[in-house]
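Every heavy atom of this structure was used, including side-chain atoms; hydrogens, water molecules and symmetry mates were not. The residues of the chain are indexed from 1 along the displayed sequence.
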Amino acid sequence: MTALRHQFAQGGSGVFSAVLEGADAAQIIETEAGHYRDRCYPPLTTLRLFIGQVLSEDGACQDVVGRHLSACVATGRRPCGLNTGPYCQARQRLPLAMPQRLSRMVGERLESRMPKAWCWRGRHVKLFDGTTVSMPDTPENQRAFPQSSEQKPGLGFPVARIGGLISLASGAVLAHAVAACKGKGTGEQTLLRGLLPLIVKSDILLADALLATWWIVAEIRRRGGDVLMVQQGRRLTDFAQGRRLGQNDHVVEWPLPQRPKWMSLDDYAHCPAVLRVREVEVDGRILITTLLDPKAVTPRELDALYALRWNIEVDWRTIKVTMAMDVLRCRSPEMIEKEIAVHLLAYNLVRWTMASAAWLGDVLPRCLSFTSAKRVLLAFDEQLRHCGGKRLSFMFATVLAAIADLRIPHRPGRFEPRAKKRRPKPLPLLSVPRLIARAKIREQRIVRGLIVAP
């Protein structure tokens, strides 16, 4: 128990020191950053500031540069000025693979240190789902992430799809993939197939009906994992067929479908002829799973486990609303992917701290409030960065104790309408591109004599 406590708390040395300054993180930073000149914003400093930027309420580059200048003056280092240009250039130089690999490292390390008491019957449960984010309407972003075809040119915004594999126990993002929202290879099934190597033996994947395909189930079984999903609407379920386990509960064999275009002939030849899958109906909903033993897992237990899939919906809402990732700010596709990766890295760092607090407070991480934990970390940010020794250990222990007390109230059966009470301002929607709208306003002012025609 003492060893596990030390693994999570890391001796009270803070989030960045405990995670980003470890040997694995240092190796990633050295490999990706390579050799660089002695600048005002070296790679690790830039990454720290970028993380602070996505965690802050402001999110502006000017705010980050101002806080960095304040820290330099307070610690006697050479000040860098308030010009945001050097910081923006440093963000562009930052290799995309650095935040991506660090985010995955933090998630995987946290998942590997999960106590068995936090897992479902000692097994790791992983959730998958996709979401979308918008970004500035620039030609580069439109080419990489085209807007919806239902929107007129000049009126819509580029949209990216993100697929994420998230730990049920800790809430950390284990891996993610980014794609456009239209075109071949951009769907959630394709994104999940790219993340399946992270499903290892004894893992359980929870996903919605869209992912309940023969190929995904077969690949997870090949890796030694199990699945629990909702039956696809296009697949007919006849409980009179197969091996009966109970009322509306049976095991059936799914025959091998025709080879899809994306699969090679060699991979298709190694596919099994049939898949043995359990289909069970609970309260009108048909679940499919590879957990075939009805004595080990009853239908009600399967239904209760699948109900936990809703956590990923809450996690994506937290990332997009609390972390303000719903509308991205960068103006190029490479920076968009970098901004997403830094958001998820910052999210995982908060989840790491929450796991430390949960272990020390003897609660489950899912019982703690992410929003409140983020507020506490931001409140102690300056003090954690500028103090050391015993004072730092005491302060970080105070942070963990405070986060452990910020528990989510237990509200069973709670439901709310998906509607807003506060009315938005009655402004009309833009129906033409902004340049055309400006030209019309200018013409009207010329006619009224408010301005002189050029």
Side-chain angles (χ1 to χ4, degrees), residues 116-130 163-169 187-189 192-193 195-196 198-257 271-315 364 366 412-415:
K116 286 191 175 181
W118 291 3
C119 301
W120 186 79
R121 300 186 178 184
R123 301 181 64 175
H124 292 267
V125 179
K126 298 175 180 178
L127 317 172
F128 178 85
D129 199 9
L165 200 64
I166 297 182
S167 167
L168 174 62
E188 291 186 15
Q189 294 180 9
L192 175 57
R193 284 199 297 268
L195 302 178
L196 286 182
L198 278 80
I199 304 294
V200 296
K201 187 176 181 180
S202 80
D203 283 352
I204 301 176
L205 177 69
L206 302 186
D208 57 24
L210 179 64
L211 288 311
T213 68
W214 197 98
W215 313 106
I216 290 175
V217 175
E219 178 62 19
I220 293 176
R221 288 301 300 142
R222 188 184 70 83
R223 295 180 176 276
D226 288 296
V227 303
L228 177 57
M229 305 175 181
V230 172
Q231 179 72 288
Q232 280 191 351
R234 293 177 297 177
R235 184 179 292 118
L236 299 178
T237 302
D238 184 3
F239 288 105
Q241 305 294 325
R243 179 167 62 89
R244 188 175 186 275
L245 303 177
Q247 183 178 4
N248 292 344
D249 186 3
H250 67 170
V251 174
V252 294
E253 292 184 346
W254 290 356
L256 176 65
C271 290
V274 295
L275 273 180
R276 298 181 69 241
V277 178
R278 181 181 177 186
E279 299 174 339
V280 55
E281 182 178 3
V282 184
D283 294 336
R285 180 171 61 185
I286 299 177
L287 302 174
I288 67 110
T289 181
T290 52
L291 300 168
L292 306 181
D293 189 354
K295 295 181 180 179
V297 189
T298 66
R300 284 295 173 186
E301 290 171 335
L302 288 175
D303 185 61
L305 175 59
Y306 186 77
L308 299 177
R309 193 205 69 86
W310 185 252
N311 282 282
I312 195 172
E313 305 285 353
V314 179
D315 293 337
L364 295 176
R366 288 288 185 181
R414 181 191 180 208
F415 56 89

Taking side chain as C-beta onward, heavy atoms only, is [X] less than 4.5 Å from [Y]?
X      : Y      : value
Leu127 : Asn311 : yes
Asp203 : Leu205 : no
Arg243 : His250 : no
Ser202 : Arg121 : no
Leu291 : Leu228 : no
Asp226 : Arg123 : yes
Arg300 : Asp283 : yes
Trp215 : Leu256 : yes

Is a side-chain N or O of [X] found less than 3.5 angstrom from the main chain of [Y], in a donor-acceptor match?
X      : Y      : answer
Gln189 : Leu210 : yes
Arg278 : Asp249 : no
Thr289 : Val227 : yes
Trp254 : Thr213 : no

Would you name the heavy atoms of [X] and [Y] that are closest together and state the gap between them?
X      : Y      : value
Gly163 : Leu195 : O-CD1, 3.9 Å
Pro299 : Val280 : CB-CG2, 3.6 Å
Trp214 : Pro255 : NE1-O, 3.2 Å
Ala212 : Ile288 : CB-CD1, 4.2 Å

To the nearest 0.5 Å, how far apart are [atom1] in [X] and [atom2] in [Y]?
X      : Y      : atom1 : atom2 : answer
Ile220 : Thr290 : CD1   : OG1   : 8.0 Å
Asp129 : Glu313 : CG    : CD    : 4.5 Å
Leu287 : Asn248 : CG    : CG    : 12.0 Å
Ile216 : Phe128 : CD1   : CZ    : 8.0 Å
Leu308 : Ile204 : CG    : CD1   : 11.0 Å
Gln247 : Glu281 : CD    : CD    : 8.5 Å

remark   = side-chain contact (heavy atoms from CB on, under 4.5 Å) filter on Glu219, not counting sequence neighbours, yields Leu196, Arg222, Arg223
Ring pair (Phe, Tyr, Trp, His ring centres under 6.0 Å) against Tyr306, all qualifying residues, sequence neighbours excluded = none
ask   = What's the verdict on salt bridge (Lys or Arg N to Asp or Glu O under 4.0 Å) for Arg235 and Glu279, showing C-alpha distance, side-chain angles and the deciding distance?
value = CA-CA 11 Å; Arg235 184 179 292 118; Glu279 299 174 339; 5.6 Å; no
request  = Could you check Arg285 against Asp303 for side chain to side chain contact (heavy atoms under 4.5 Å, CB included), going step by step and ending with a plain yes or no?
outcome  = CA-CA 9 Å; Arg285 180 171 61 185; Asp303 185 61; 2.7 Å; yes
